[in-house]
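Model, not experiment: these values are computed from the prediction.
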Amino acid sequence: MELPALFTPPRRYGLIFLSLVTLILTGAGGLSIALSTSQQEQSRFTGLLLFGVILLVPVPLILYTLYSLLRGQYILEREGLRLRWGLRAEDIPMSHIEWVRPMKELGFRVPLPLLRFPGAVLGSVYSHELGAIEFLASDPDSILLIATPEKIYAISPENVSAFMRAYRYVAELGSLHPITSQSIRPMVFLAHIWQDQIARRLILTGGGLFLALLVSSGITILTRATVPLGYSPQGASLAPVPSIQILLLPVLGLLFLGTDWIIGVYFYRQERTLPAAYLLWGSGAVTLLLFVLATWIFMLAG
């Protein structure tokens with residue numbers, strides 16, 4: 001048997017489900033925001049805009065879940081087991097693994113985490129019989145439990161029997177130089193980004209400009225009944241609309257900024273793509289600055 005042995009979680013149904021949910025929420029949210037721009041009544045505009053924002057809020061979490069599913073791996077080596085799930089990473093020396101067993105073979109019920117749907121069975125639970133259990137799985141029907149002195153890890157390799165054969169083979173070989181025990185969590189990674197002065201300044205600048213955009217939009221709504229949201233090719237102001245519609249700028253600004261932040265985190269993972277992360281966070285701040293200037297131009301033009 002060749003080592004290291006790479007195992008992946010079941011992905012098919014999770015990819016289909018998460019992709020469909022992403023498309024539905026993004027399409028419905030974008031359509032709702034687009035429809036809000038044609039509303040003259042403030043109540044309809046606000047309702048459609050708010051509904052669109054609510055639909056778009058969970059999209060980044062779903063996209064991260066989709067990314068985690070695509071990146072999910074269980075790598076079995078002679079010296080240990082490496083678990084990978086999104087930004088989560090766990091390295092377990094073979095000497096720390098006490099036993100590996102399919103969850104279905106236990107003589108009692110193991111609680112599942114609240115966060116579970118096709119493609120994701122994630123989170124931590126406590127079992128009276130086993131203690132703390134952390135789930136890094138995609139399918140509740142193919143879960144293997146890996147016991148260590150600290151906690152139990154629940155994984156879901158697509159081929160459970162092949163994983164068990166590989167584990168028995170590795171256990172029989174014995175470990176000569178165990179891998180170093182290591183645990184990396186998303187919050188630790190984000191804290192590492194925050195310690196980077198360049199990254200922190202760019203992110204704070206973008207956040208500060210978003211607050212400035214909110215304040216500018218609020219001032220416009222309070223001081224103007226109508227504003228022109230744009231100009232014709234000849235440079236003339238477009239027909240004025242109710243000033244509350246200027247809230248479209250903070251919504252669009254938040255979407256741009258959030259997208260830049262999320263993609264920037266992805267590029268920050270590797271040294272060679274670090275400049276791309278800085279560029280994205282900087283471009284997000286520049287976009288917000290342009291939105292702030294546009295708000296004041298529209299307000300003064302009204």
Side-chain angles (χ1 to χ4, degrees), residues 1-12 14-15 64-103 110 112-113 115-116 119-125 130-193 265-274:
M1 178 176 291
E2 293 186 3
L3 294 176
L6 173 64
F7 298 90
T8 58
R11 291 171 174 163
R12 181 180 179 183
L15 291 177
Y64 174 72
T65 305
L66 184 61
Y67 162 74
S68 299
L69 178 60
L70 290 170
R71 192 172 181 265
Q73 294 181 340
Y74 314 121
I75 307 167
L76 190 58
E77 305 175 4
R78 180 173 182 175
E79 313 303 341
L81 175 63
R82 303 181 190 272
L83 308 180
R84 300 291 183 266
W85 199 274
L87 298 177
R88 179 77 171 94
E90 191 76 29
D91 293 345
I92 309 171
M94 282 300 296
S95 57
H96 287 195
I97 299 178
E98 299 175 345
W99 51 262
V100 178
R101 189 174 304 167
M103 191 171 70
V110 176
L112 294 175
L115 181 59
R116 63 180 187 274
V121 184
L122 307 171
S124 298
V125 300
L130 300 174
I133 306 174
E134 181 179 356
F135 285 79
L136 298 171
S138 67
D139 181 12
D141 295 326
S142 60
I143 287 181
L144 284 176
L145 299 179
I146 301 171
T148 70
E150 294 79 19
K151 66 167 70 171
I152 291 177
Y153 297 93
I155 65 174
S156 61
E158 191 166 20
N159 193 330
V160 175
S161 58
F163 186 95
M164 291 299 298
R165 288 195 301 270
Y167 170 72
R168 295 189 187 101
Y169 175 73
V170 170
E172 290 174 359
L173 287 178
S175 176
L176 299 177
H177 305 285
I179 61 176
T180 303
S181 180
Q182 179 177 253
S183 181
I184 300 176
R185 299 178 180 276
M187 291 306 299
V188 175
F189 178 72
L190 295 178
H192 174 68
I193 294 177
V265 169
Y266 173 80
F267 283 116
Y268 193 87
R269 298 177 306 116
Q270 300 180 16
E271 187 72 25
R272 61 185 179 86
T273 56
L274 203 58

Mind checking whether [X] and [Y] have side chains closer than 4.5 Å, heavy atoms only?
{"X": "R78", "Y": "Y169", "result": "no"}
{"X": "L15", "Y": "L70", "result": "yes"}
{"X": "E158", "Y": "S142", "result": "no"}
{"X": "D91", "Y": "R84", "result": "yes"}
{"X": "V121", "Y": "D139", "result": "no"}
{"X": "F267", "Y": "L274", "result": "no"}

Could you state the interatomic distance from [atom1] ([X]) to [atom2] ([Y]), rounded to the nearest 0.5 Å?
{"X": "Q73", "Y": "L83", "atom1": "CD", "atom2": "CG", "result": "11.0 Å"}
{"X": "L173", "Y": "E77", "atom1": "CG", "atom2": "CD", "result": "13.0 Å"}
{"X": "E134", "Y": "R185", "atom1": "CD", "atom2": "CZ", "result": "5.0 Å"}
{"X": "I143", "Y": "L136", "atom1": "CD1", "atom2": "CG", "result": "10.5 Å"}
{"X": "W99", "Y": "I152", "atom1": "CH2", "atom2": "CD1", "result": "4.0 Å"}
{"X": "Y153", "Y": "L145", "atom1": "OH", "atom2": "CG", "result": "13.0 Å"}

Whether [X] side chain and [Y] backbone form a donor-acceptor pair below 3.5 Å:
{"X": "R101", "Y": "A147", "answer": "no"}
{"X": "Y167", "Y": "L76", "answer": "no"}
{"X": "R88", "Y": "I184", "answer": "yes"}
{"X": "S138", "Y": "P10", "answer": "yes"}

Could you report the tightest heavy-atom contact between [X] and [Y], atom names first, then the distance?
{"X": "Y64", "Y": "P186", "answer": "OH-CG, 3.8 Å"}
{"X": "L112", "Y": "M103", "answer": "CD2-CE, 4.0 Å"}
{"X": "R11", "Y": "G72", "answer": "NH2-O, 2.9 Å"}
{"X": "P178", "Y": "P93", "answer": "CB-CB, 4.0 Å"}
{"X": "P113", "Y": "L122", "answer": "CB-O, 3.1 Å"}
{"X": "W85", "Y": "P9", "answer": "CZ3-CG, 3.6 Å"}

Result for side chain to side chain contact (heavy atoms under 4.5 Å, CB included) between I155 and one of F163, F7, F135 points to F163
Among L81, I75, V170, whose side chain to side chain contact (heavy atoms under 4.5 Å, CB included) with P4 holds? I75
Neighbour count above 12 (heavy atom, 6.0 Å) for E271 CD: no
State whether the number of non-hydrogen atoms from other residues, nucleotides or ligands found under 6.0 Å of R269 atom CZ is greater than 12. yes
F189 vs V265, side-chain contact (heavy atoms from CB on, under 4.5 Å): CA-CA, chis, key distance, verdict: CA-CA 9 Å; F189 178 72; V265 169; 3.6 Å; yes
Could you check whether K151 pairs with E90 (Lys NZ or Arg NE/NH1/NH2 to Asp/Glu carboxylate O, under 4.0 Å)? no
